[in-house]
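Quantities reported herein were computed from a predicted structural model and do not represent experimental measurements. Just follow the structure's listing: the first ligand is 1, and inside any ligand the first atom is 1.
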Amino acid sequence: METASLLEFDKKHIWHPYTSLTTPLPVYPVAGARGAKIILDDGRELVDGMASWWSVIHGYNHPQLNSAIKEQVDSFSHVMFGGLTHRPAVELCQRLVDITPDGLEKVFLCDSGSISVEVAMKMAIQYWYALDRPQKKRFLTIRNGYHGDAFHAMSVCDPDTGMHSLYRGVLPEYFFAAAPQTPFSGDWNSGDIASFSQLIAANAESLCAVILEPIVQGAGGMRFYHPQYLREVRRLCDEFDVLLIADEIATGFGRSGRLFACEYAEVVPDILCLGKALTGGYMTLAATITSEKVAAGVCRKGVGLPGVFMHGPTFMGNAVACAVACRSIELLLATGWQQNVRRIERGLQQGLAPCRQLETVAEVRVLGAIGVVEMKKPVQMASVQQKFVDAGVWVRPFGKLVYVLPPFIISDSELEALTGAISTIVAGEQ
Ligand SMILES: *Cc1c(COP(=O)(O)O)cnc(C)c1O
């Protein structure tokens, strides 16, 4: 198929994330990708600033990840996980238990981030049900959050940006505390926890869990908040008998500068959600990991209790996805990811510094391998995107946010190309 007819079909028939089929935005056809570069059909090479939404941490077309997949396909690709198990799943879960905070040791594998959030929320409800406190079935979260697009995941996304009004009557209504305001490295303001503290105290009897993104709020605003906030949340959850679900789907696997962002606060959640970078961006796979205590509760036997966790997707524990995830974690631990993330952090600080001077820019913030330029006004996505492509980089802004999360293997010169293009293009925005 010629590129033109391919694009024509795409435009008429295919939804892309959050798009309209009546007024479609342009899409760029990809012919290949390697290292930190995406190669378009017309031969143009773009330095990738997005890591395909946090996930491609080792870059594209990585020989070791490619061979992990090929070896697994030649053995077998998938078998049902009901009543069967296999080496790739076991080895992956062993690694996950090893590298995640102490006490998290029971792993549920599922297909996507949103579903791992659904699984975490079901676990929390089932836990209190089995402990004979079935009234504890509601959730508390913080504003500006993003947890996925499935219904229950959506119910704890920011109510305004998540368009809750659109789903009124269908979406369960939960509790939203004010978003944390103390910046990551600012002086802790103890008043910051007041809204959360008041809500958890007032509703403890009906709350099964708090769910939040630790330290970095991703798609809901790309904000970094103070570790003390998270410590206070943990303390209050303990005080009021509420479980803590940490959604590290975006932050997991080193992105924030720690392997898991919870480590900044030395907080261990009761349930942890992982996804995105889990397979190095090769395949869709996610995991929900919990403690002995929660697992024991969920599986408790008794009259009217199922005694099992009530979830089991068809493609659970897909062997190819597990094999590549396993290799991706090995690679991460073997390649000095921390130096790379620190190097990227410095490069982003320096390279985005000129944006701080601009009248149109509200704030520039960097944490780990995440760089954000927040504009005062929303950018015109289609035209700005075109300018980035013309400048040889792949950056996809949304709303007021121009942000980058490059693959950890990006070279210094590629990183300079990225930040240089952002500085120039942002300076041109009115
Ligand atoms: C992306 C994301 C999700 C949803 O993951 P999907 O794989 O897109 O379903 C959930 N939570 C956070 C924090 C995310 O960044």
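Heavy-atom proximity to S112, at under 4.0 Å, picks out these atoms of ligand 1: 7 (O), 9 (O). Counting the atoms of ligand 1 from 1 in the order shown, those under 4.0 Å from a heavy atom of E213 are 13 (C). Within ligand 1, the atoms closer than 4.0 Å to a non-hydrogen atom of G148 are 4 (C), 10 (C), numbered from 1 in the order shown. Residue H147 has at least one heavy-atom neighbour below 4.0 Å for each of these atoms of ligand 1: 10 (C), 11 (N). Within ligand 1, the atoms closer than 4.0 Å to a non-hydrogen atom of D247 are 10 (C), 11 (N), 12 (C), 13 (C), numbered from 1 in the order shown.
Closest non-hydrogen pair, R327 versus Q64, comes out as NH1-O, 3.4 Å.
In summary, of the residues considered (W188, F184, Y264), a ring pair (Phe, Tyr, Trp, His ring centres under 6.0 Å) with H226 occurs for W188 alone.
Considering backbone and side-chain N/O of W54, none are found under 3.5 Å from N/O of ligand 1. At least one N or O atom of G113, backbone or side chain, sits closer than 3.5 Å to an N or O atom of ligand 1.
F253 and F260 have perpendicular rings, their planes meeting at more than 60° on a 0 to 90° scale where under 30° would count as parallel. Between F398 and Y403, the angle of the ring planes goes over 60°, which puts this pair in the perpendicular group of the 30/60° scheme.
From the protein, the heavy atom lying nearest to atom 15 (O) of ligand 1 is K276 NZ, 2.6 Å. Among protein heavy atoms, the minimum distance from atom 8 (O) of ligand 1 is reached at S114 OG, 4.4 Å.
The backbone N or O of A179 sits nowhere less than 3.5 Å from a side-chain atom of N144 that would complete a donor-acceptor pair. T288 places a side-chain N or O within donor-acceptor distance of the main-chain N or O of S116, the cut-off being under 3.5 Å.
Side-chain contact, T22 with S20: a donor N or O sits under 3.5 Å from an acceptor N or O.
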